[in-house]
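First the structure, in the form of structure tokens, and then the observations on it.
Computed over heavy atoms, backbone and side chain alike; hydrogens, waters and symmetry mates excluded.
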Amino acid sequence: MAHQQADLEPVLIMVPGVGGGQAEPRFHQADPARAQLLVTDLVATRGEGVFETLGVFDGVAMNVGPHLQRLARSAAMIDLPAPDLDLLASALDAAIAAHTAVPELTARIMMTRGVEGADAPTAWIHARTAEDYSAARRGMRVVMLDRGIPTTVAGTSPWLLAGAKTLSYAGNLAALREARRRDAEDVLYVSSDGWCLEGPTSTLLVRRGNTFTTTPTEAGVLPGTTVATVLTALEQDGRTTSRELMRPQDVLDSDGAWLLSSGRLAVPITRLDDRELPVDAELTARMNAAASGRG
């Protein structure tokens with residue numbers, strides 16, 4: 001369970017050396033209560049940037065390498081300079097070390113195109129006490145919403161940035177507000193050609209018997225780091241795993257479904273639209289033990 005003290009100070013590490021060059025110091029701790037970002041930064045004026053959110057459990061960040069590689073992938077997709085991943089890893093360690101020890105921490109790595117015309121990215125790491133996700137980990141009501149693009153979009157229209165984790169999140173937040181209007185807590189996106197995709201901030205995992213299936217990244221979804229850890233743990237437990245497209249009915253008729261993310265971990269879907277889904281609390285707990293490194 002996340003720490004309950006809301007007044008613990010977050011930690012902000014600015015990383016001016018992320019794009020290479022001779023920036024000194026290459027990263028430093030800054031006051032999170034003071035302004036650090038120029039209003040002319042292209043993330044403010046155009047939403048131009050990428051990010052990663054990592055779960056940190058008992059002081060240990062999970063899947064650091066896969067998160068950094070995914071950040072580099074997203075940066076390449078929007079033509080940002082290649083980030084210095086070793087530098088970001090060191091800055092992440094510094095942020096975790098500087099934060100008061102708590103059971104669960106959320107660390108966000110942010111990289112923007114920077115100030116217009118400066119040709120230098122802006123980057124920072126923000127570490128804060130995680131929200132209390134205990135209720136979500138018991139299950140959430142989810143609605144299916146049309147994403148408005150087909151599963152072929154990554155190949156046919158790469159400029160739409162399907163599968164990139166960018167800071168342009170207005171659409172995802174609008175979808176979550178629509179979910180609340182429909183008496184639900186989260187969203188499962190469905191493609192315009194009728195396949196289940198992912199959540200606004202999560203990856204889909206579906207159980208059918210002894211087989212656990214997630215959406216293939218070729219469908220334009222983000223390559224999930226937490227689901228990869230959970231799938232490995234399931235395989236080690238003798239389960240079968242696969243990556244294949246699923247219709248909404250496949251999920252509705254399943255033996256259980258989850259939305260996975262780095263902070264919340266594996267969240268069972270208790271109701272999808274108007275259908276109640278089975279929930280295996282013991283299996284979910286084992287998944288979350290693996291995903292948090294506490295297994």
Side-chain angles (χ1 to χ4, degrees), residues 1-15 18 27 29-33 36-37 43 49-71 74 83 85 88-112 122-138 140 165-169 172-173 176 185-187 198-203 222-230 258-267 284 287-295:
M1 181 179 294
H3 202 283
Q4 298 298 309
Q5 286 184 247
D7 59 348
L8 290 175
E9 284 292 325
V11 171
L12 176 64
I13 302 288
M14 301 302 296
V15 193
V18 70
F27 69 84
Q29 188 168 343
D31 185 349
Q36 306 291 337
L37 187 69
V43 73
V50 297
F51 78 106
E52 285 291 321
T53 302
L54 291 84
V56 182
F57 302 92
D58 303 320
V60 179
M62 297 302 297
N63 296 314
V64 175
H67 275 289
L68 290 174
Q69 290 298 327
R70 195 170 68 179
L71 182 84
S74 296
L85 301 186
L88 287 173
S90 297
L92 174 64
D93 288 342
I96 295 169
H99 196 282
T100 302
V102 292
E104 297 189 16
L105 193 68
T106 297
R108 285 198 173 96
I109 304 174
M110 322 285 275
M111 181 178 174
T112 86
T122 305
W124 67 93
I125 294 172
H126 186 255
R128 63 179 179 85
T129 305
E131 297 177 32
D132 183 354
Y133 292 121
S134 56
R137 290 170 188 164
R138 291 192 292 271
M140 296 179 70
K165 195 171 181 67
T166 75
L167 286 162
S168 301
Y169 247 53
N172 285 331
L173 295 176
L176 292 171
E185 299 153 291
D186 211 329
V187 169
E198 60 187 346
T201 63
S202 57
T203 308
L222 194 71
T225 59
T226 303
V227 77
T229 298
V230 168
W258 295 260
L259 292 175
L260 290 86
S261 56
S262 298
R264 288 190 323 198
L265 303 177
V267 171
T284 300
M287 288 182 180
N288 285 336
S292 64
R294 293 167 168 168

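Nearest approach of F57 to A291, heavy atoms of both residues: CE1-O, 4.5 Å. In terms of heavy atoms, S134 sits closest to D132 at OG-OD1, 2.7 Å. Shown here for M62 and A290, the closest heavy-atom pair between the two residues is CE-O, 4.2 Å. Of all non-hydrogen atoms in G224 and T203, the two that sit nearest each other are CA-OG1, 3.7 Å. Of all heavy-atom pairs between V56 and G59, the closest is CG1-C, 3.7 Å. For A127 against L105, the heavy-atom pair with the smallest separation is CB-CD2, 4.3 Å.
The side-chain heavy atoms of P200 and D186, taken from C-beta on, include a pair separated by under 4.5 Å. L88 has its side chain within reach of L68: a pair of non-hydrogen atoms, C-beta onward, lies under 4.5 Å apart. Using a 4.5 Å heavy-atom cutoff, the side chains of W124 and Q36 are not in contact. In this structure, Y133 and V267 have side chains that are not in contact, with every pair of non-hydrogen atoms separated by 4.5 Å or more. With a 4.5 Å cut-off on side-chain heavy atoms, T122 and M110 do not count as touching. Side chains of R294 and N288 form no contact here, defined as non-hydrogen atoms less than 4.5 Å apart. Between F27 and I125 there is no side-chain heavy-atom pair separated by less than 4.5 Å. No side-chain heavy atom of L54 sits under 4.5 Å from any side-chain heavy atom of S262.
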Query raised in the report: So L259 and R264, side chain to side chain contact (heavy atoms under 4.5 Å, CB included) or not? Walk me through it.
Result: CA-CA 9 Å; L259 292 175; R264 288 190 323 198; 4.2 Å; yes
Query - Trace of the side chain to side chain contact (heavy atoms under 4.5 Å, CB included) decision for Q69 with L85 - result: CA-CA 8 Å; Q69 290 298 327; L85 301 186; 3.6 Å; yes
Report task. Determine, step by step, whether L71 and I109 satisfy the side chain to side chain contact (heavy atoms under 4.5 Å, CB included) criterion, reporting the C-alpha distance in whole Å, the side-chain angles of both residues, the deciding distance to 0.1 Å, and the verdict. Result -> CA-CA 8 Å; L71 182 84; I109 304 174; 4.0 Å; yes
Requested in this report: Report the C-alpha separation of Y169 and T201 in whole Å, then their side-chain angles, then the decisive distance to 0.1 Å, and conclude whether the side chain to side chain contact (heavy atoms under 4.5 Å, CB included) test is met.
Outcome: CA-CA 10 Å; Y169 247 53; T201 63; 3.8 Å; yes
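Between the S74 side chain and the K165 main chain, a donor and an acceptor come within less than 3.5 Å of each other.
Taken to the nearest 0.5 Å, the CD1 atom of I13 stands 10.5 Å off from the NE2 atom of H126. The CD atom of E9 sits 8.5 Å away from the NE2 atom of H99 when rounded to the nearest 0.5 Å. Of the inter-residue distances, the one linking L222 atom CG with S202 atom OG reads 10.0 Å to the nearest 0.5 angstrom.
Inspection of the T229 and N63 side chains reveals an N or O donor paired with an N or O acceptor under 3.5 Å. A side-chain N or O of T53 and one of R108 form a donor-acceptor pair less than 3.5 Å apart.
Salt bridge present: E52 and R70 bring a charged side-chain N and a carboxylate O closer than 4.0 Å. Of the charged side-chain nitrogens involved, at least one lies within less than 4.0 Å of a carboxylate oxygen, so that R137 and E104 count as a salt-bridged pair.
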